[in-house]
Amino acid sequence: VQLQASGGGLVQAGGSLRLSCAVSGRTFSTYAMGWFRQAPGKEREFLATINWSGGEIYYADSVKGRSTISRDNAQNTVYLEMNSLKPEDTAVYYCAGRPWAIATSPSDFEAWGRGTQVTVSS
C-alpha cells in the first residue's frame, strides 16, 4: 500500500490548510486513516483518525475544534482541514493507515506516507 500526503506549505498564523492523502494498493474503504505530525526534536503526535466508513472520528485535544478529518472512498483520499493555524502547528504532517478501526498510537498503524511540511509564520 502507498500513501502520498500533499497540501502542506507556508501559511500565516490564523490561516487554514487542507491536507490530502491519496492511498493506492489497497481497498481504501477497508482502511482506517490517521493524521500525525512531528516537529523537530519532538515525538510523532497524533492529530485525528477516521474509521473505514467515516462514521467514527476522534481528534487530539491539540487540534479539536479547529480541524476536520474526512474521507472520500470514491477518490481513495483522506483529508485534514486545519483552521486558526498557530506557529506551534509547524511540523511535518503524516498520514497513516490501518485496517478498519480507528487508533491513536503510531505503532497501531501499518502504513505511512512520507509527510508534507507545514510551516506557520507568526
Side-chain angles (χ1 to χ4, degrees):
V1 58
Q2 292 81 43
L3 286 71
Q4 180 63 55
S6 61
L10 176 64
V11 62
Q12 288 189 333
S16 300
L17 276 178
R18 189 192 196 200
L19 305 180
S20 301
C21 177
V23 179
S24 60
R26 182 188 171 96
T27 303
F28 181 66
S29 59
T30 67
Y31 234 27
M33 299 298 297
W35 284 97
F36 295 78
R37 67 186 178 191
Q38 189 164 18
K42 295 188 176 182
E43 293 187 352
R44 193 160 294 190
E45 176 191 9
F46 164 75
L47 299 177
T49 183
I50 186 168
N51 78 332
W52 65 277
S53 68
E56 188 173 9
I57 289 172
Y58 184 75
Y59 296 98
D61 288 342
S62 60
V63 298
K64 189 180 298 182
R66 60 187 185 100
S67 295
T68 302
I69 188 172
S70 61
R71 65 188 295 153
D72 184 341
N73 284 355
Q75 297 294 324
N76 291 356
T77 303
V78 63
Y79 305 96
L80 181 69
E81 183 168 351
M82 298 187 66
N83 304 306
S84 303
L85 286 163
K86 311 170 185 178
E88 51 264 43
D89 292 319
T90 295
V92 177
Y93 283 67
Y94 297 91
C95 58
R98 68 186 305 273
W100 303 110
I102 64 171
T104 61
S105 172
S107 62
D108 289 331
F109 287 82
E110 64 179 24
W112 291 83
R114 286 196 172 186
T116 184
Q117 176 71 46
V118 172
T119 303
V120 183
S121 63
S122 57

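Only this structure's heavy atoms are used, side chains among them; waters, hydrogens and symmetry mates stay out.
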(request) Please say whether more than 12 non-hydrogen atoms of neighbouring residues, nucleotides or ligands are located less than 6.0 Å from CD in Gln4. (result) no

(request) Mind listing the closest non-hydrogen atom pair of Asn73 and Ser29 along with its distance? (result) ND2-CB, 3.7 Å

(message) I'd like to know if Val63 and Tyr58 are part of one continuous hydrophobic network [Ile/Leu/Val/Met/Phe/Trp/Tyr, side-chain heavy atoms within less than 4.5 Å].
(response) no

(request) Please check if Val1 and Ile102 belong to a single hydrophobic cluster, counting links between Ile, Leu, Val, Met, Phe, Trp and Tyr side chain heavy atoms closer than 4.5 Å. (result) no

(message) Taking Trp35 as the starting point, is it possible to reach Tyr79 by hopping between hydrophobic residues whose side chains are less than 4.5 Å apart?
(response) no

(request) For the residue pair Met33 and Val23, establish whether any side-chain heavy-atom pair is separated by less than 4.5 Å. (result) yes

(message) Side chains of Ser62 and Lys86, heavy atoms from C-beta outward: is any pair under 4.5 Å?
(response) no

(message) How close do Thr77 and Gln75 get, counting heavy atoms only, and between which atoms?
(response) OG1-O, 2.8 Å

(request) Begin from the C-alpha positions of Glu45 and Arg37 and carry the test salt bridge (Lys or Arg N to Asp or Glu O under 4.0 Å) through to its verdict. (result) CA-CA 5 Å; Glu45 176 191 9; Arg37 67 186 178 191; 2.8 Å; yes

(message) Rounded at 0.5 Å granularity, tell me how far OG1 in Thr30 sits from CG in Asn51.
(response) 11.5 Å

(message) Is any side-chain heavy atom of Tyr93 closer than 4.5 Å to one of Thr116?
(response) yes

(message) Check for me, please, whether Trp52 and Leu3 land in the same ILVMFWY cluster - side-chain distances under 4.5 Å, paths through other members count.
(response) no

(message) Restricting to non-hydrogen atoms, name the atom on Ala101 and the atom on Ala32 that form the minimum distance, rounded to 0.1 Å.
(response) O-CB, 3.2 Å

(request) Output the distance between atom CZ (Arg26) and atom CG (Asn76), rounded to the nearest 0.5 Å. (result) 11.5 Å

(message) So, taking the atom named CG in Asp61 and the one named CG in Leu47, what distance separates them when rounded to the nearest 0.5 Å?
(response) 11.5 Å

(message) So which atom in Ala13 and which in Ser122 form the shortest heavy-atom distance, rounded to 0.1 Å?
(response) CB-CA, 4.3 Å

(request) With rounding to the nearest 0.5 Å, note down the distance linking OG1 in Thr68 to CZ in Arg18. (result) 10.5 Å

(message) Can you give me the closest heavy-atom contact between Ser84 and Arg66, atom names plus distance?
(response) O-NH1, 3.3 Å

(request) Can you label the angle between the Trp112 ring and the Tyr94 ring as parallel, tilted or perpendicular, going by 30° and 60°? (result) perpendicular

(message) With a 4.5 Å cut-off on side-chain heavy atoms, are Ser70 and Glu81 touching?
(response) no

(request) Pick out which of Tyr31, Phe46, Phe36 makes a side chain to side chain contact (heavy atoms under 4.5 Å, CB included) with Phe109. (result) Phe36

(message) Closer than 3.5 angstrom, by distance alone: can the side chain of Arg98 be matched with the main-chain N or O of Asp108 as a donor-acceptor pair?
(response) yes

(request) Determine whether Ser67 and Leu80 make a side-chain contact, defined as any pair of heavy atoms from C-beta on separated by less than 4.5 Å. (result) yes

(message) Let me confirm one number: the CD-CG distance from Gln117 to Leu10, rounded to the nearest 0.5 Å.
(response) 9.5 Å

(message) Within the structure provided, determine whether Leu19 and Val118 are in side-chain contact (heavy-atom separation under 4.5 Å).
(response) yes

(request) Flag the pair Glu88 / Val120 as yes when at least one side-chain heavy-atom distance between them is below 4.5 Å, and no otherwise. (result) no

